[in-house]
Amino acid sequence: MIRRRQAHQPSRPTWRCRDCGIAWPCSTAKLRLLGDYRENRAALLVHLATLHAEAAAELGDHPSPVASFDRFVSWARAR
């Protein structure tokens, strides 16, 4: 059985998208994550907060903590 890797995953330690090269999560990754967690927004936010913490440890203070939180977590909050 051949398993394909999921597209638009982060490349560590740069936290850029492996497919399109922009800062992760890219638009495609955001759409996929929203679809994957459409029934459980709280679980999505926990997942993103965990990734945010990992990225903060690898990226340091660049981008700023506020910008980093916006990049990884804020976009997924219910409006």
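In this chain, residues are counted from 1 in sequence order. Quick note: numbers below take in every heavy atom, side chains included, and nothing from hydrogens, waters or symmetry partners.
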Heavy-atom closest pair (P65 atom, H52 atom, distance to 0.1 Å) is O-NE2, 4.2 Å
Single-linkage hydrophobic cluster, 4.5 Å side-chain cutoff, L31 and Y37 together: no
Residues 23-30, side-chain donor-acceptor partners within the protein, below 3.5 Å, at least two apart:
unit_1: W24; atom_1: NE1; unit_2: H8; atom_2: O; d: 2.9

What one should report as the nearest heavy-atom pair of W15 and L59 is CD1-CG, 4.0 Å
Any link between F69 and W75 through a network of hydrophobic side chains (Ile, Leu, Val, Met, Phe, Trp, Tyr) touching at under 4.5 Å? yes
For E58, enumerate each residue passing the salt bridge (charged side-chain N to carboxylate O under 4.0 Å, His left out) test, keeping only those at least two apart in sequence or located in another chain. none
Using the test salt bridge (charged side-chain N to carboxylate O under 4.0 Å, His left out), find all partners of R41 that sit at least two apart in sequence or belong to another chain. none
Do the non-hydrogen side-chain atoms of H47 and L33 ever get within less than 4.5 Å of each other? yes
Closest heavy-atom pair, L51 versus R12, reported as atoms and distance to 0.1 Å, is CD2-NH2, 3.5 Å
Looking only at heavy atoms, the pair that brings L48 and A76 closest together is CD1-CB, 3.4 Å
ILVMFWY network linking I22 to F72, side-chain heavy atoms under 4.5 angstrom: no
Sidechain-backbone polar pair: S68 side chain, S64 backbone, donor-acceptor under 3.5 Å: no
